[in-house]
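Structure record follows, encoded as structure tokens.
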Number of protein chains: 2
Amino acid sequence: MTRPKSPVRLDWVDPAVCSLDYRLKIVGRLPFFKHLPAEAISKINALFHDRDVHADERIYHEGDDAERLYLVAMGKVKLVRAAASGREVLLDILRGGEYFGALTIFGGRTYAETAIAQTDCCILQISSADFETILSEHPEVARRALEVVSQRLAESQEVVKQLSAYTTEQRIAAALLRLAGKLGETRGEHVLIQLLFSRQDLAAMTGATTETVSRVMSRFAEDKLIKSGRKRVKITDAKRLKKLAEKGAVN
Amino acid sequence: MTRPKSPVRLDWVDPAVCSLDYRLKIVGRLPFFKHLPAEAISKINALFHDRDVHADERIYHEGDDAERLYLVAMGKVKLVRAAASGREVLLDILRGGEYFGALTIFGGRTYAETAIAQTDCCILQISSADFETILSEHPEVARRALEVVSQRLAESQEVVKQLSAYTTEQRIAAALLRLAGKLGETRGEHVLIQLLFSRQDLAAMTGATTETVSRVMSRFAEDKLIKSGRKRVKITDAKRLKKLAEKGAVN
DNA sequence: CGACTTTTTGAGTCTAGTCAAAACATGTGG
DNA sequence: CCACATGTTTTGACTAGACTCAAAAAGTCG
């Protein structure tokens with residue numbers, strides 16, 4: 001079994017520090033707001049409250065009244081839905097700058113998913129009412145939000161396609177590539193995924209079991225597509241992995 | 001085998017007629033615009049072009065340049081994505097009043113899915129540029145759109161959950177209930193789904209094969225949950241079907 | 001070093017897929 | 001109105017991929 005002797009250093013995990021100055025900077029860089037003048041941003045900034053959450057802490061639970069919109073300032077947040085069977089489905093992993101929570105305010109009145117901190121993180125929260133005020137004062141924000149949500153919808157539909165039409169092996173390969181695209185850090189030829197995530201998490205992303213994920217990943221490692229250890233993965237041959245994800249075979 | 005002798009009359013299928021007056025009425029009732037004053041609506045109406053499409057005609061193809069936004073005026077439109085394997089995944093079936101096409105303009109520059117007329121229909125189309133004009137002049141429209149897209153995202157995520165965590169039987173039951181909710185017509189105790197759709201379509205919605213769908217539906221019919229014939233389905237016991245969809249068993 | 005969690009491996013089972021063919025429905029033109 | 005051509009649905013036999021349960025192995029941390 002190919003296993004790296006020296007685990008990749010993981011001290012790059014974002015510290016959950018969120019000073020006031022820093023916050024202003026972060027809000028100003030958010031996709032929703034970055035086009036706005038500095039003055040507007042500082043006014044908007046005042047409407048947000050920051051909050052540190054520890055890894056594994058639950059931010060809100062599906063079914064709770066959807067009263068706030070959240071933005072990830074630092075760290076990673078995962079969105080999950082629980083199935084009746086007890087199985088947990090991992091819908092998305094968000095990094096700094098992404099929103100979650102009550103954009104559904106308008107439509108649904110409760111959260112449709114559960115948000116959990118995947119790492120220690122700092123999040124910004126705002127009441128639905130205050131966010132509506134921002135939308136009224138800065139109509140462009142709604143348009144940016146529209147882009148972001150549309151994008152996310154397209155991604156979700158891609159996952160639907162994957163789950164409907166591809167083998168577990170392909171889905172796992174695709175999930176690794178997706179994570180690498182979003183959270184990957186290039187290291188020479190390789191791409192290290194900057195996130196601590198277990199076989200369990202990957203199983204919840206791909207609709208498979210931990211055992212199957214483990215078996216498939218061992219196979220990937222044998223084929224020199226990835227190197228992996230406890231809670232971390234490095235992609236060593238993205239090209240062939242991609243081919244496998246799409247065509248179902250390495251050749 | 002329980003099979004209805006007299007197939008349900010299907011002459012209720014919308015005629016693809018779309019007069020000018022009628023169009024104004026339709027545009028004014030669309031979720032995007034219905035809150036606007038009559039004057040604004042008539043101006044907006046002028047920016048749309050109507051187009052009749054026949055059943056099975058392709059409106060646009062995934063990968064084409066995303067240059068237009070569409071609204072369904074009459075009839076039903078289905079959105080599909082093709083997998084590399086040749087398998088086709090049915091993402092959604094849209095009815096009158098729903099949008100499709102380039103809300104993704106901003107993000108992606110090509111359509112992520114293929115749109116096909118499921119029945120004869122009349123659709124309204126507008127260029128991205130013109131729609132942007134509307135957004136600028138009527139900022140509320142962006143907010144309505146935000147609701148609509150968020151809602152659709154939540155639904156897509158629900159499908160992801162289904163595909164990840166439920167059996168084919170449960171997914172088929174859920175798909176039938178979803179269709180009934182959206183396109184169903186109550187007939188006494190029963191709900192008739194007002195749409196011609198094959199086992200094939202249902203398979204493409206649930207990530208199953210036509211054969212499996214057929215077997216499962218035969219079982220449903222035996223258990224007196226549904227009655228079905230060629231391209232049509234009537235739900236005769238929604239309550240038990242729902243229980244089955246959620247818990248995996250009728251009891 | 002233990003205690004704990006995560007990952008791996010193994011053996012047996014079952015769900016849903018594949019391939020092939022029959023049954024059925026629907027519409028057409030003779 | 002019947003016989004045929006076409007598309008849809010059903011059924012059957014077989015297979016394989018992924019799940020389950022159980023237990024061992026490997027990391028991690030105090």
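Note on naming: letters A, B, ... go to the chains in the order of the sequence lines (proteins, then strands), and numbering restarts at 1 for each one.
By the 4.5 Å heavy-atom criterion applied to side chains, B:Phe197 and B:Lys231 are not counted as neighbours.
Residues passing the side chain to side chain contact (heavy atoms under 4.5 Å, CB included) test with A:Arg95, sequence neighbours excluded: A:Lys76, A:Glu98, A:Lys182, A:Leu183.
The B:Ser218 side chain lies nearest to D:dT11 when the options are D:dT11, C:dG10, D:dG17. The side chain of A:Ser214 lies closest to C:dT8 when the candidates are C:dA16, C:dG17, C:dT8. Distances were taken from every side-chain heavy atom of A:Thr209 (C-beta onward) to each of D:dT20, D:dT9, C:dT6; the shortest belongs to D:dT20.
For a distance-only test at 3.5 Å, the side chain of A:Arg87 fails to qualify as a donor-acceptor partner of the base of D:dT20. A donor and an acceptor atom sit less than 3.5 Å apart, one in the side chain of A:Arg230 and one in the base of C:dT5. Donor-acceptor pairing under 3.5 Å, judged by distance alone, is absent between the side chain of A:Arg215 and the base of D:dG17. A donor-acceptor contact under 3.5 Å is formed by the side chain of B:Glu211 with the base of C:dC19.
Across the protein-nucleic acid pair, A:Glu169 atom CD and D:dG17 atom P stand 10 Å apart, rounded to whole Å. Atom C1' of nucleotide D:dT10 and atom CZ of B:Arg219 are separated by 13 Å, given to the nearest angstrom. D:dT9 atom P lies 13 Å from atom CD1 of B:Ile172, rounded to whole Å. Look at CG on A:Asp56: it is 13 Å from C1' on C:dT5, rounded to the nearest Å. The CE-P distance, from A:Met217 to D:dA26, rounds to 18 Å in whole Å. A straight line from CZ of A:Arg199 to P of D:dC19 spans 16 Å, rounded to a whole angstrom. Distance, A:Leu196 CG to C:dT7 P: 10 Å, rounded to whole Å. In this structure, the CD atom of A:Glu222 is 12 Å from the C1' atom of C:dT9, given to the nearest Å.
A:Glu185 and A:Arg187 are joined by a salt bridge, as a carboxylate oxygen and a charged side-chain nitrogen come within less than 4.0 angstrom of each other. A salt bridge links B:Glu169 to B:Arg219: at least one charged side-chain nitrogen sits closer than 4.0 Å to a carboxylate oxygen. The pair B:Asp201-B:Lys78 meets the salt-bridge criterion, with a side-chain N (NZ, NE, NH1 or NH2) lying under 4.0 Å from an Asp/Glu carboxylate O.
Among residues at least two apart or in separate chains, salt bridge (charged side-chain N to carboxylate O under 4.0 Å, His left out) pairs with a member in residues 154-165 of chain B are A:Arg81-B:Glu158, B:Glu158-B:Lys161.
Toward the 5′ end of DNA chain D lies the nearest nucleotide of B:Phe197, the other residue of the pair B:Phe197 and A:Arg171 mapping further downstream.
Between B:Ser198 and the phosphate of D:dT8, there is no side-chain N or O to OP1/OP2 separation shorter than 4.0 Å. Phosphate contact (OP1/OP2 of D:dC19, side-chain N/O of A:Thr212, threshold under 4.0 Å): present.
In the helix from C:dC1-D:dG30 to C:dG30-D:dC1, the end axes, each obtained as the rotation axis mapping the C1' atoms of four pairs onto the next four within a five-pair block, lie 30° apart to the nearest 10 degrees.
One distance of note links CG of B:Leu241 with CD1 of B:Ile226; it measures 7.5 Å at 0.5 Å rounding.
For the pair A:Gln170 (side chain) and A:Thr167 (backbone), a donor-acceptor distance under 3.5 Å is present.
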